[in-house]
Amino acid sequence: MSAALQTRDRRRCAGILMPVFSLPSEHGIGCFDKEAREFITMLAVAGQSRWQILPLGPVGEGNSPYQPRSCFAGDPIYIDPVRLLEKNLITPREVVEMKGIMKASPEASGSRSLRAVNYHAVRNGREYIFQKAFDRFVPDQDYADFEQENRFWLEDYALFESMSTVFGTSSWDRWPDELRFRDPDALKRWTSKHWKLIDMNKWLQFEFFQEWNAILRFAHQRGINIIGDLPIYAAYESADCWAHPELFQLDSDLKRADVSGAPPDGFNPEGQVWGNPLYDWKYHRNTDFSWWISRIKHNLSMFDTLRLDHTRGFCAYYSVPAGEATGLHGHWEAGPGLEFFRAVEKALGPCDLIAEDLGFITDDVVEMVRAAGLPGMKVLQFAFDGDPDNPYLPENIRENSVVYTGTHDNDTSVGWFSSLDQGTREKITLYLREREGIRMSAAGRAPVFSSQSAAISLMQNALMTRAYMCIIPMGDYLLLGSQGRINTPGTVKGNWEWRMEKDAFTPELAASIRSSCRRCGRNN
């Protein structure tokens with residue numbers, strides 16, 4: 001296989017991992033507002049050339065961006081109220097009323113901080129101004145073009161969202177059979193009755209993509225490329241699963257036959273059950289992976305680089321019988337493997353992709369990623385098990401890699417180091433000091449790193465590796481403890497809520513980051 005799927009720009013570079021929802025904002029959640037532009041400006045000041053974000057799709061219960069209600073749509077929660085105000089679609093008074101609605105909403109159960117994202121409150125406020133804005137919106141040629149270009153997913157998504165609103169649930173297996181099975185006459189009757197709600201959902205997507213494209217242009221003007229994130233699975237409660245059940249392993253009643261999960265390991269002795277419907281890879285092969293190719297093409301129009309979540313699932317995926325509470329009775333099934341990546345290359349040509357090849361990785365997964373020419377991910381927090389051949393140790397990381405101190409699923413580096421036992425902290429301190437050329441004498445030992453010092457050393461070691469790209473989570477640069485953690489796998493409360501405090505990304509911090517990157521040859 002050619003190297004066409006490899007990252008095209010091979011210069012050493014650096015970037016920051018920061019979810020959009022974690023940006024500071026006066027609107028309750030990070031969104032496509034002035035704070036996003038200020039963050040991009042600070043990235044440039046800090047000598048960065050990459051901004052890695054998490055998926056932007058509409059989320060369901062639990063607010064996980066890896067359980068999207070659509071593989072193509074964007075979450076309207078990121079729409080900037082100020083942009084609607086500038087377009088005269090809402091009034092200043094209605095912005096004040098939106099904030100009042102948000103303030104009156106109860107705090108989300110399990111939130112770790114009053115500054116955390118309260119999704120329930122934000123959605124209540126947004127829904128109020130969205131209705132006001134849509135009532136004043138007048139379709140123009142740009143809207144007509146958007147509707148036509150995205151018809152292949154937009155119609156079904158808008159229908160799905162209208163039904164989710166009317167029935168009070170996106171669990172479409174609870175809807176009336178005539179709609180669940182998409183009876184054509186029933187769909188016509190529904191469209192005739194609920195056309196305004198359907199059109200509103202189309203407009204929300206139009207507004208989302210207009211605002212996101214403006215953010216993307218702003219980033220490009222400042223030399224920043226954006227790394228998006230493609231969840232491998234769709235939620236069962238999604239427009240994709242409802243509109244195209246043939247893509248998934250569903251039974252004759254359109255219920256999940258088997259679901260996604262993970263086998264038992266040292267972190268989860270009973271394994272995990274994620275619950276997503278699994279793909280019918282035979283169907284995808286027979287259609288030359290056309291749905292997948294459309295999905296990747298659509299996402300590459302939104303981002304400069306695309307991280308493929310759970311890439312090992314393309315080689316082999318873990319299948320758990322539906323209804324199981326644990327992953328103990330699951331088994332591995334073969335995925336499409338290299339055939340999938342060949343099809344993507346043939347259809348789309350050069351693509352800037354990153355393989356998320358973490359977790360239970362076998363030789364066949366390693367070979368698939370290598371043959372596809374994809375850079376893999378290396379996480380330094382996974383490096384210190386005492387094995388000199390550990391692929392995450394800085395000296396073992398190869399150039400065709402993207403190195404991280406941790407990801408959105410890890411604790412911050414300060415929180416991680418703090419949680420280790422004394423002996424492990426001593427061993428890591430010794431290793432990091434020797435990497436920096438500070439050797440311990442036989443007569444005396446240098447003190448064990450503080451958690452903040454260890455985090456700083458870990459970041460420096462990540463920047464110094466041979467990996468062509470280095471991505472550091474914003475929480476690490478801010479030297480936050482576990483309060484800055486984004487997600488704790490296997491838990492459902494308190495995740496996807498962390499927000500950076502306003503003005504935390506100071507000019508002094510940006511100058512320090514720029515200096516560190518320059519010393520490691522990673523300035524843009």
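Model, not experiment: these values are computed from the prediction.
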Participant: Minimum heavy-atom separation for P231 to P65, with atom names?
Facilitator: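 Minimum heavy-atom separation between P231 and P65: CG-O, 3.6 Å.
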
Participant: Nearest 0.5 Å, please: how far is CD in Q460 from OG1 in T465?
Facilitator: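 Result: 11.0 Å between the selected atoms.
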
Participant: Would you call the rings of W292 and F314 parallel, tilted or perpendicular if under 30° counts as parallel and over 60° as perpendicular?
Facilitator: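 The arrangement is perpendicular - the two ring planes meet at more than 60°.
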
Participant: Contact between T488 and N495 at the side-chain level, heavy atoms closer than 4.5 Å - yes or no?
Facilitator: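 Yes, their side chains come closer than 4.5 Å.
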
Participant: Can a donor-acceptor pair be found, under 3.5 Å and without considering hydrogens, that links the side chain of H408 to the backbone of I486?
Facilitator: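 No; judged by distance alone, with no hydrogens or angles, the pair does not exist.
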
Participant: Among W274, Y279, Y318, Y66, whose ring pair (Phe, Tyr, Trp, His ring centres under 6.0 Å) with H310 holds?
Facilitator: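 Output: one option passes, namely W274.
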
Participant: Is the side chain of R466 donor-acceptor paired with the backbone N or O of I397 at a distance under 3.5 Å, no angle test?
Facilitator: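 Indeed, once roles are kept as given, a pair shorter than 3.5 Å links the two residues.
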
Participant: Tell me whether N299 contacts the main-chain N or O of R295 through its side chain, where contact means a donor paired with an acceptor under 3.5 Å.
Facilitator: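 Between the backbone of R295 and the side chain of N299 there is a qualifying donor-acceptor contact (under 3.5 Å).
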
Participant: List the steps, then state whether salt bridge (charged side-chain N to carboxylate O under 4.0 Å, His left out) holds for D409 with R485.
Facilitator: CA-CA 8 Å; D409 282 334; R485 184 165 189 165; over 6 Å; no

Participant: Do I471 and V402 come within less than 4.5 Å of each other through their side chains, counting heavy atoms only?
Facilitator: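 Sidechains of V402 and I471: in contact.
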
Participant: Are V59 and Q67 packed together at the side-chain level, in the sense that at least one heavy-atom pair is separated by less than 4.5 angstrom?
Facilitator: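 Sidechains of Q67 and V59: no contact.
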
Participant: Any side-chain heavy-atom pair from M302 and W212 closer than 4.5 angstrom?
Facilitator: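 The answer is yes, as the side chains (C-beta and beyond) meet within the 4.5 Å cut-off.
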
Participant: Got a donor-acceptor contact below 3.5 angstrom from the S49 side chain to the C13 backbone?
Facilitator: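 Answer holds: no.
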
Participant: Start with the C-alpha gap between Y431 and E426, add the side-chain angles, then the distance that decides, and say whether side chain to side chain donor-acceptor pair (under 3.5 Å) holds.
Facilitator: CA-CA 9 Å; Y431 171 86; E426 287 179 359; over 6 Å; no

Participant: Tell me, with the steps shown, if L43 and R50 meet side chain to side chain contact (heavy atoms under 4.5 Å, CB included).
Facilitator: CA-CA 8 Å; L43 286 175; R50 303 291 190 275; over 6 Å; no

Participant: Do the two ring centres, one from F289 and one from H284, sit under 6.0 Å apart?
Facilitator: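 Distance test on ring centres: not under 6.0 Å, no.
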
Participant: I'd like to check P375 versus S401 (side-chain heavy atoms, cut-off strictly below 4.5 Å). Are they in contact?
Facilitator: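 No, every pair of side-chain atoms sits at 4.5 Å or beyond.
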
Participant: Can you name the one residue among E61, E237, R69 that meets side chain to side chain donor-acceptor pair (under 3.5 Å) with S170?
Facilitator: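 Per the side chain to side chain donor-acceptor pair (under 3.5 Å) rule, the option paired with S170 is R69, out of E61, E237, R69.
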
Participant: Look at the side chain of Q452 and the backbone N and O of S450, then say whether any donor-acceptor pair between them is shorter than 3.5 Å.
Facilitator: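 Checked: no pair found.
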
Participant: Does the side chain of I215 reach to within under 4.5 Å of the side chain of R37, using non-hydrogen atoms?
Facilitator: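 The answer is yes, as the side chains (C-beta and beyond) meet within the 4.5 Å cut-off.
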
Participant: Which heavy atom of L17 sits nearest a heavy atom of G406, and at what distance?
Facilitator: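 For L17 and G406, the tightest heavy-atom pair comes out as CD2-O, 4.5 Å.
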
Participant: Tell me if the centroids of the rings in F32 and F208 come within less than 6.0 Å of each other.
Facilitator: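 Centroid distance F32-F208: below 6.0 Å, so yes.
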
Participant: Given E35 and K502, is the side chain to side chain contact (heavy atoms under 4.5 Å, CB included) satisfied, shown in steps?
Facilitator: CA-CA 9 Å; E35 299 282 3; K502 184 173 175 59; 2.7 Å; yes

Participant: Given side chain to side chain contact (heavy atoms under 4.5 Å, CB included), test T311 with I354 step by step and report yes or no.
Facilitator: CA-CA 9 Å; T311 302; I354 296 171; over 6 Å; no

Participant: Charged N to carboxylate O under 4.0 angstrom, E345 versus R342?
Facilitator: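 No, this pair does not count.
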
Participant: For the pair R12 (side chain) and L463 (backbone), establish whether a donor and an acceptor sit closer than 3.5 Å, ignoring hydrogens and angles.
Facilitator: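 Side chain of R12 to backbone of L463: a pair is present.
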
Participant: Is the backbone of W498 close enough, under 3.5 Å, to the side chain of S22 for a donor and an acceptor to pair up by distance?
Facilitator: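 The answer is yes, because a donor-acceptor pair under 3.5 Å joins these two groups.
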
Participant: Between S451 and F417, what is the shortest heavy-atom contact and its length?
Facilitator: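 Heavy atoms of S451 and F417 come nearest at CA-CD2, 3.7 Å.
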
Participant: Is it the case that the side chain of D229 and the backbone of L308 share a donor-acceptor pair, with hydrogens and angles ignored and the cut-off at 3.5 Å?
Facilitator: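 Answer holds: no.
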
Participant: With rounding to the nearest 0.5 Å, note down the distance linking CD in Q249 to CG in D258.
Facilitator: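 That separation rounds to 6.0 Å.
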
Participant: Would you find more than 12 non-hydrogen atoms of other residues, nucleotides or ligands less than 6.0 Å from N286 atom CG?
Facilitator: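 Yes.
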
Participant: Can you confirm whether more than 12 heavy atoms, excluding those of K255, are under 6.0 Å from its NZ atom?
Facilitator: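 Check passes, neighbour count above 12.
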
Participant: Taking all atoms of both residues into account, what is the closest heavy-atom pair of P388 and L393, and its distance?
Facilitator: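 Shortest heavy-atom separation between P388 and L393 comes out as O-CD1, 3.7 Å.
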
Participant: Would you name the heavy atoms of S70 and S238 that are closest together and state the gap between them?
Facilitator: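 In this case the closest contact between S70 and S238 is N-CB, 4.3 Å.
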
Participant: Look up atom CG in N410 and atom CG in L358, then write down how far apart they are to the nearest 0.5 Å.
Facilitator: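 Taking CG in N410 and CG in L358, the distance rounds to 8.5 Å.
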
Participant: Mind checking whether W416 and F382 have ring centres under 6.0 Å apart?
Facilitator: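 Here the rings of F382 and W416 have centres that are no less than 6.0 Å from each other.
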
Participant: Mark yes when over 12 heavy atoms from residues, nucleotides or ligands other than R398 sit less than 6.0 Å from its CZ; otherwise mark no.
Facilitator: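 Check fails, neighbour count at 12 or below.
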
Participant: For the pair D476 and T412, evaluate side chain to side chain donor-acceptor pair (under 3.5 Å) and give the outcome as yes or no after the intermediate values.
Facilitator: CA-CA 6 Å; D476 278 6; T412 63; 4.8 Å; no

Participant: Could you go through L247 and D280, starting from their C-alpha distance and side-chain angles, then the distance that decides it, and tell me whether this counts as side chain to side chain contact (heavy atoms under 4.5 Å, CB included)?
Facilitator: CA-CA 6 Å; L247 301 174; D280 183 343; over 6 Å; no

Participant: Got a second to check how far C241's SG is from Y233's OH, nearest 0.5 Å?
Facilitator: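 OH of Y233 is found 13.0 Å from SG of C241.
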
Participant: Taking C-beta and beyond as the side chain, do S457 and F449 meet within less than 4.5 Å on heavy atoms?
Facilitator: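 Answer yes - side chains close enough.
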
Participant: Does any N or O in the side chain of D288 come within less than 3.5 Å of the main-chain N or O of S290, such that one atom is a donor and the other an acceptor?
Facilitator: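 Such a contact is absent between D288 side chain and S290 backbone.
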
Participant: Supply the atom-to-atom distance M42 CE to I513 CD1, rounded to the nearest 0.5 angstrom.
Facilitator: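 Here the interatomic distance stands at 8.0 Å.
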
Participant: Kindly say whether E270 contributes a backbone atom to a donor-acceptor pair with the side chain of D265 at under 3.5 angstrom?
Facilitator: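 No, D265 side chain to E270 backbone: no donor-acceptor pair under 3.5 Å.
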
Participant: Decide yes or no for V320 and Q272: does some side-chain heavy atom of the first lie under 4.5 Å from some side-chain heavy atom of the second?
Facilitator: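 In short, these two side chains do not touch, never coming nearer than 4.5 Å.
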
Participant: Would the number of heavy atoms belonging to other residues, nucleotides or ligands and lying under 6.0 Å from CD of E501 be above 12?
Facilitator: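 At most 12 heavy atoms, drawn from other residues, nucleotides or ligands, come within 6.0 Å of this atom.
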
Participant: Do you know which two heavy atoms are closest between R499 and G30, and how far apart they sit?
Facilitator: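 Looking at all heavy atoms of both residues, the shortest contact is NE-N, 4.4 Å.
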
Participant: Taking atom CZ of F248 and atom CG of D240, what is their separation to the nearest 0.5 Å?
Facilitator: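 Here the interatomic distance stands at 5.5 Å.
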
Participant: Could you check T429 against R433 for side chain to side chain donor-acceptor pair (under 3.5 Å), going step by step and ending with a plain yes or no?
Facilitator: CA-CA 6 Å; T429 297; R433 286 187 183 279; 5.6 Å; no

